Amino acid sequence: SDVKALNPDQAQYSSYSTAKGRMQANFLLFQQDGDYWLQLADDLAPAMQKRLSMFILRSKTHCRDASAERVLLGLAGPRAAESVRTLTGCGELAELAIHHGENGSVIALPGGRFQLVVAPQAAEALMQRLIAAGCIPGNGDVWRLTDIRAGIPWISAATQEEFVLQMANLDLIGGVSFTKGCYPGQEIVARTRYLGKVK
């Protein structure tokens, strides 16, 4: 995707591929507090951190594992939007729009779901407020099911380099830019788009 087109009020799906167009990882990309955040599968994070660090040349930028710096809370279900508005004070959010608040950010995800990105010290109090508002805690399996129902793919170590972008429908959820310029695997991705088929 086109990282330069990303602004602080919008998230986007994206991926990183091999020269043969096979996805090594995909991620949700967003900005918070002036930093770029890549949310991806845990089992791919160390390898992707190492890989992306290779492209930082003569820059004051660095790539690090920041998973201990934020807690992610997901909200899904018929009252998710109402709960988010009540607890954060944000208005109606379009898909992939971000609302930044005092204690963190809210990202509106496909399927009427929301992800709260908060500092660890604020997470427990927010969780208690969510429960008091009638939200029922779930686990990672429940959240993965909501991803599947929303059509959001996630590459993991078990599926790494198994798919080109179109095979995972990344092009249908805005996770591919066909105008941004060069990137690894661009020739295969573009050929698939313009020929209209994948093997």
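Throughout, residue positions are numbered sequentially from 1 according to the sequence presented. Bear in mind the structure is a predicted one, so any value in this text is a computation, not a measurement. Note: hydrogens, waters and symmetry copies are ignored here, and every other heavy atom, side chains too, is used.
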Any carboxylate oxygen within less than 4.0 angstrom of a Lys/Arg side-chain nitrogen, looking at [X] and [Y]?
| X | Y | result |
| --- | --- | --- |
| Arg129 | Glu124 | no |
| Arg85 | Glu92 | yes |
| Asp33 | Arg70 | yes |
| Arg144 | Asp141 | yes |

What's the shortest heavy-atom distance between [X] and [Y], and which atoms?
| X | Y | answer |
| --- | --- | --- |
| Pro8 | His100 | O-NE2, 2.5 Å |
| Ser105 | Gln32 | OG-NE2, 2.7 Å |
| Pro110 | Leu96 | CD-CD2, 4.2 Å |
| Gly111 | Glu95 | N-OE1, 4.3 Å |
| Cys63 | Ile56 | N-CD1, 3.8 Å |
| Ala11 | Phe30 | CB-CB, 4.0 Å |

Donor-acceptor check, side chain of [X] to backbone of [Y], threshold 3.5 angstrom: yes or no?
| X | Y | value |
| --- | --- | --- |
| Gln115 | Leu72 | no |
| Asp171 | Val176 | no |
| Ser53 | Gln49 | yes |
| His99 | Ala108 | no |

(message) Under the criterion side chain to side chain contact (heavy atoms under 4.5 Å, CB included), I'd like the reasoning laid out for Ser14 against Val3: C-alpha separation, chi angles, the key distance, then a yes or no.
(response) CA-CA 9 Å; Ser14 191; Val3 176; 5.6 Å; no
Are any of the side-chain heavy atoms of [X] and [Y] separated by less than 4.5 Å?
| X | Y | value |
| --- | --- | --- |
| Glu161 | Gln24 | yes |
| Pro137 | Met127 | yes |
| Arg113 | Ile152 | yes |
| Tyr16 | Met23 | no |
| Gln39 | Leu29 | no |

Going only through I, L, V, M, F, W and Y residues with side-chain contacts under 4.5 Å, is there a path from [X] to [Y]?
| X | Y | answer |
| --- | --- | --- |
| Leu52 | Leu165 | yes |
| Ile148 | Leu172 | no |
| Ile136 | Leu116 | no |
| Tyr13 | Phe114 | no |
| Ile173 | Phe27 | yes |

(request) Sort out for me which residue in Val117, Val106, Leu126 forms a side-chain contact (heavy atoms from CB on, under 4.5 Å) with Leu73. (result) Leu126
(message) Consider side-chain contact (heavy atoms from CB on, under 4.5 Å). Of Asn139, Asp147, Leu145, which one does Trp143 pass it with?
(response) Asp147
(request) Just do the side chain to side chain contact (heavy atoms under 4.5 Å, CB included) check on Leu170 and Phe163 with the steps written out, would you? (result) CA-CA 10 Å; Leu170 225 60; Phe163 309 104; over 6 Å; no
(request) Calculate, to the nearest 0.5 Å, the distance between atoms CD1 and CG belonging to Ile155 and Leu40 respectively. (result) 11.0 Å
(request) Nearest 0.5 Å please: distance from the CG atom of Asp35 over to the CG atom of Leu38. (result) 11.0 Å
(request) For atom CD of Glu102, decide whether the heavy atoms of other residues, nucleotides or ligands shown that lie under 6.0 angstrom number more than 12. (result) no
Side-chain donor-acceptor pair present, [X], [Y], cut-off under 3.5 Å:
| X | Y | result |
| --- | --- | --- |
| Gln31 | Gln10 | no |
| Trp154 | Asn26 | no |
| Arg22 | Ser17 | no |

(message) Quick one, Ile107 with Leu109, criterion side chain to side chain contact (heavy atoms under 4.5 Å, CB included). Give me CA distance, side-chain angles, the key distance, then yes/no.
(response) CA-CA 6 Å; Ile107 304 173; Leu109 298 176; 3.8 Å; yes
